[in-house]
Structure formats: structure tokens, C-alpha cells
Visitor: 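What follows is a single structure, and I will ask about it in a moment.
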Number of protein chains: 2
Amino acid sequence: MSPTRDQILQTTASLLEKQGCHATGLNEIIRESSTPKGSLYYYFPEGKEQLVSEAVLQAGHTMADRIRAHLAGETPPAQAIYDFVLRIADNVEASSFAAGSPLTAVAMETATTSPRINAACRAAFDLLIAAFEDKLLASGLEAQRASNLAQFIIAAIEGGVILSRTMHSAEPLRVVARQLSAALAC
Amino acid sequence: MSPTRDQILQTTASLLEKQGCHATGLNEIIRESSTPKGSLYYYFPEGKEQLVSEAVLQAGHTMADRIRAHLAGETPPAQAIYDFVLRIADNVEASSFAAGSPLTAVAMETATTSPRINAACRAAFDLLIAAFEDKLLASGLEAQRASNLAQFIIAAIEGGVILSRTMHSAEPLRVVARQLSAALAC
DNA sequence: GTCTATATGCAGATAGAC
DNA sequence: GTCTATCTGCATATAGAC
């Protein structure tokens, strides 16, 4: 794997996170990543759609890995997820509300306007949901209930990120953390 | 109120809902709204930021009114909100996943890049949260708990819309409806 | 209030040298 | 693999007639 290619992907993901797909220009990506301008179309010959799709999918893998790492061990799901959401709240706050969920904006912008990017977003969300689902299954939940709860968890977290970034306050995500762990307990 | 001006605002909101802020061009708005091209800068002399901000805020008022209308009456919150989220699921499905939440994409795109539009998004979310909060207060909940639950409800619904639009399936929103009403019951 | 024409800039993308 | 130069098109915005 080329380090230049990887640098482009990571910078792209970070800009998508901050401002979405259409607001992110290729020139901006080159500039922010301190990457040779000639490299972009060398590594991504199919252009912006390819670049964004790969960045989204890679971000999905990274996030899923982080979720799994955080949920590993014997801590009960309600507690582990509570801690995890609080960590997201801290991270969103630490970024001055410029970061948090690299998928959301892109997913909404492209749900019905770019099949290729939509497919990448879908795959990425599936990775995240599966990460929570496996933890719930491991704790003994029945399959259907684990699947439903995993979707609900992702939805609540995504919504919490939207509110926190919009309000410029970590509070909505902290509320989500508490309510979500309460919901898991019942 | 001018009908032309109102037509521009409504078309803008609908395009923002489908594809976000930066993907929505002023020419596209004129075309889709069948509105005289010369009118745009006549009614919105401060340009796109003004237009988008007003469209977002108007959408917020419309949605808050709809929430209040749906929650009016003596139906307990858990049941009323369950029905309401199912209706959103139907609407998202009926739009072929092109619509659902006119705020989300714009809010994420502009949280740290346009103070003016961000302020409009914040005000719009506050209207939605207050609509749920008032229903919960009316049903006898304590103030702090009503506020927290209202935020959680909005977060879960927003997240459900994202998942449903991305997955091209109403199922995630239906899952959110069930889990949310279960969470409210406990 | 609405029109046409246009200014200006940046977007994504390509070509061909090195 | 990376460079520079450049093509084409559309973006927002403005000017001035009617």
C-alpha cells in the first residue's frame, strides 16, 4: 500500500467528515494532504466518486475496528456502550465540533444521487452495525433482538452527533449515552 | 407574503432534503420551482446563505407544527411517538428514499463552515425538540427528564432517517419506532 | 418584479512532458 | 509517479434594460 495513496484517503475522509462530499474539492484534498497533485488521478483514475467511495469504506473499517476494540472483554453491553458514546462526545468536543461520523453527511447527500457512493455508505454502516450486533450476541441476546438493538444504537449515536455538532455542545451526545444505556437495560 | 418567494423557499427545502446544501445550485432551484429567474436575488439579496438559512428555518417550523398536530390529544407519548415514527418511515419510503429530514445534511455540512446557516439549523432543531418536550411535560414527566427524552427522540429519529435513506429500506426507521416506544415505556 | 446578458472564479478532469 | 498547463462547464453573483 502506497503511503501517498493512504494519505489522500485519510485527508479525504477527514474533509468529508467536516463538510460533506460536494463541499470538498479535489484541490483542497491535495493541499491539505501535502500530496503531489499529479498523484490523485494516478491512484484514483475514476475520479472523485472512486476516491470518496474508497475513503468512506476505509473510514467504516477503521470505525468498526475501534468499536470492536472498545467493546471487547466481559463488560456488559449497556456499560460498554455508555462509555463508548461518552468517548465520542469527548472527541466531537475536542474537534471543536468539526468532526464526528465521517459517513453521515456523505450518506445523506448521495443516498439517491450517486449509486456508487451510496453503496460504500451502506457497506460502511453494515460494518458498524455488525460490530455492535456481535457484542450483543456474545452477551447472550437473541439474534433478532441483537440486530434491532444494534441498528437502534447506531441511529441514536448518529443522531447525537448531528445534534452535538449543530448545537456546538457535547451535551446531546451525553444525553444519548445515558438514555441508550437505560434502554439497553430494559 | 409573496407566493413566488414562498415557492422558492419550498423548492429549496426539498432540494436540501434530497442532496444537501453544496450540491444544490441556485439555477436548479429556479428551474425546479418554475420561478422567474430574476426573482431570486430580488427576494434574497444576500444570496445563497440567506436563502438556505430561511428555507431551513421555515422547514423547522413546518415540521414542528406537524409534530405538535400529531401528538395533540390524550394518547400516551409512547404510543403517539410510535405512530409518528412509523408515518415518517412510510413517507421516506414513498419518496423512494429521496426525502426525510430537510435539516440533517445541511446541519452536518455547515456545522463549522457557515455560522449563519448553522444558527438556522440550531433554531430549527430547538423547535423540533420543544415540540416533543411539551408533549412529554403535558403527560406529567419531570422537566429534566422531558428535556432529555425529547433530545433522545430527535436523535433516534434523525439516525433512523439516515439509515433508512442509505439502506433504501424503511426497516431501520420501523426498528427505531419500536425501540423508542419501548424506551419511553421504561 | 422580472428579464437577459455577463463577470469571475473554481470545479472536475485530461494531456503530455519528464 | 509526479509535474505543469489547460480544457470545459457550471457555480454564485451582478448590471442594467424593461
Side-chain angles (χ1 to χ4, degrees), chain A residues 1-57 105-106 108-110 112-121, chain B residues 1-56 105-106 108-110 113-118 120:
Chain A
M1 258 267 181
S2 152
T4 299
R5 185 185 153 95
D6 211 65
Q7 183 58 36
I8 292 175
L9 280 175
Q10 250 179 279
T11 303
T12 302
S14 142
L15 289 170
L16 293 177
E17 190 165 5
K18 180 182 161 207
Q19 60 198 13
C21 187
H22 281 86
T24 299
L26 300 183
N27 293 327
E28 193 181 6
I29 293 170
I30 290 309
R31 198 184 336 115
E32 294 281 311
S33 62
S34 310
T35 274
K37 177 156 185 165
S39 303
L40 207 152
Y41 279 94
Y42 174 78
Y43 286 114
F44 304 94
E46 291 151 63
K48 193 179 186 181
E49 283 217 320
Q50 182 191 5
L51 170 56
V52 170
S53 300
E54 291 198 29
V56 160
L57 196 54
V106 179
M108 291 293 278
E109 285 178 284
T110 62
T112 57
T113 56
S114 163
R116 182 170 186 172
I117 300 177
N118 172 250
C121 290
Chain B
M1 255 265 185
S2 153
T4 298
R5 186 184 152 94
D6 209 64
Q7 183 58 36
I8 292 175
L9 281 174
Q10 249 180 280
T11 304
T12 301
S14 143
L15 289 170
L16 293 177
E17 189 166 5
K18 181 182 161 207
Q19 60 199 14
C21 187
H22 281 85
T24 299
L26 300 183
N27 294 327
E28 193 181 6
I29 292 170
I30 290 310
R31 199 185 336 118
E32 295 280 312
S33 62
S34 311
T35 275
K37 178 156 185 164
S39 304
L40 208 150
Y41 279 94
Y42 174 78
Y43 287 113
F44 304 94
E46 290 152 64
K48 193 178 185 179
E49 282 216 321
Q50 182 192 5
L51 171 55
V52 170
S53 300
E54 291 199 28
V56 160
V106 179
M108 290 294 277
E109 284 178 284
T110 61
T113 56
S114 163
R116 180 169 186 175
I117 301 177
N118 171 251

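Bear in mind the structure is a predicted one, so any value in this text is a computation, not a measurement. The figures here come from the full heavy-atom set of this structure, side chains too, leaving out hydrogens, waters and symmetry mates. So you know, we letter chains A, B, ... as the sequences are listed, proteins then strands, and number each from 1.
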Visitor: Heavy-atom contacts under 4.0 Å between residues 13-31 of chain B and DNA chain D, which residues?
Guide: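 B:Thr24, B:Gly25, B:Leu26, B:Asn27 - these, ordered by number, are the residues of the stretch whose heavy atoms sit under 4.0 Å from the strand.
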Visitor: Could you pull out the closest heavy-atom pair between B:Thr110 and B:Asn118, with the gap in Å?
Guide: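 Minimum heavy-atom contact is O-CB, 3.8 Å.
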Visitor: When rounded to the nearest 0.5 angstrom, what is the spacing between CG in B:Leu40 and OG1 in B:Thr4?
Guide: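 The OG1 atom of B:Thr4 is 11.0 Å from CG of B:Leu40, to the nearest 0.5 Å.
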Visitor: Can you tell me how far apart CD1 (B:Ile30) and OG1 (B:Thr12) are? Round to the nearest 0.5 Å.
Guide: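 Here the interatomic distance stands at 8.0 Å.
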Visitor: Can you tell me how far OH of A:Tyr42 sits from CD1 of A:Ile8, rounded to the nearest 0.5 angstrom?
Guide: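 Atom-to-atom, A:Ile8:CD1 and A:Tyr42:OH are 11.5 Å apart.
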Visitor: Residues from residues 36-44 of chain A sitting under 4.0 Å of DNA chain D, heavy atoms only?
Guide: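 Residues of residues 36-44 of chain A that come under 4.0 Å of DNA chain D are, in numerical order, A:Pro36, A:Lys37, A:Gly38, A:Ser39, A:Tyr42, A:Tyr43.
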Visitor: Please list, chain by chain and in numerical order, all residues satisfying side chain to side chain donor-acceptor pair (under 3.5 Å) with A:Thr35, sequence neighbours excluded.
Guide: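 Listed in chain order: A:Ser33.
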Visitor: Just to verify, what does A:Glu32 make a side chain to side chain donor-acceptor pair (under 3.5 Å) with, not counting sequence neighbours?
Guide: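 For A:Glu32 there are no side chain to side chain donor-acceptor pair (under 3.5 Å) partners, ignoring immediate neighbours.
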Visitor: Quick check against the 3.5 Å criterion: does B:Ser14 have a side-chain atom that pairs as donor or acceptor with the backbone of B:Gln10?
Guide: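 It does not hold such a pair.
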Visitor: What's the NZ-C1' distance between B:Lys48 and D:dA13, to the nearest Å?
Guide: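 It is 12 Å, rounded to the nearest whole Å.
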Visitor: So, the side chain of A:Gln19 versus the backbone of B:Thr113: is there a donor-acceptor pair under 3.5 Å, distance only?
Guide: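 Not a single qualifying donor-acceptor pair exists.
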Visitor: Any side-chain heavy-atom pair from B:Val56 and B:Val52 closer than 4.5 angstrom?
Guide: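 Side chain of B:Val56 against side chain of B:Val52, heavy atoms only: contact under 4.5 Å found.
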Visitor: Pairs in or reaching into residues 37-55 of chain B: which pass salt bridge (charged side-chain N to carboxylate O under 4.0 Å, His left out), with residues at least two apart or in two chains?
Guide: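 Counting only pairs at least two positions apart or across chains, the salt bridge (charged side-chain N to carboxylate O under 4.0 Å, His left out) contacts touching residues 37-55 of chain B are B:Arg5-B:Glu54, B:Glu46-B:Arg116.
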Visitor: Give me the distances for all protein-to-nucleotides 15-17 of chain D N/O pairs that come in under 3.5 Å?
Guide:
none

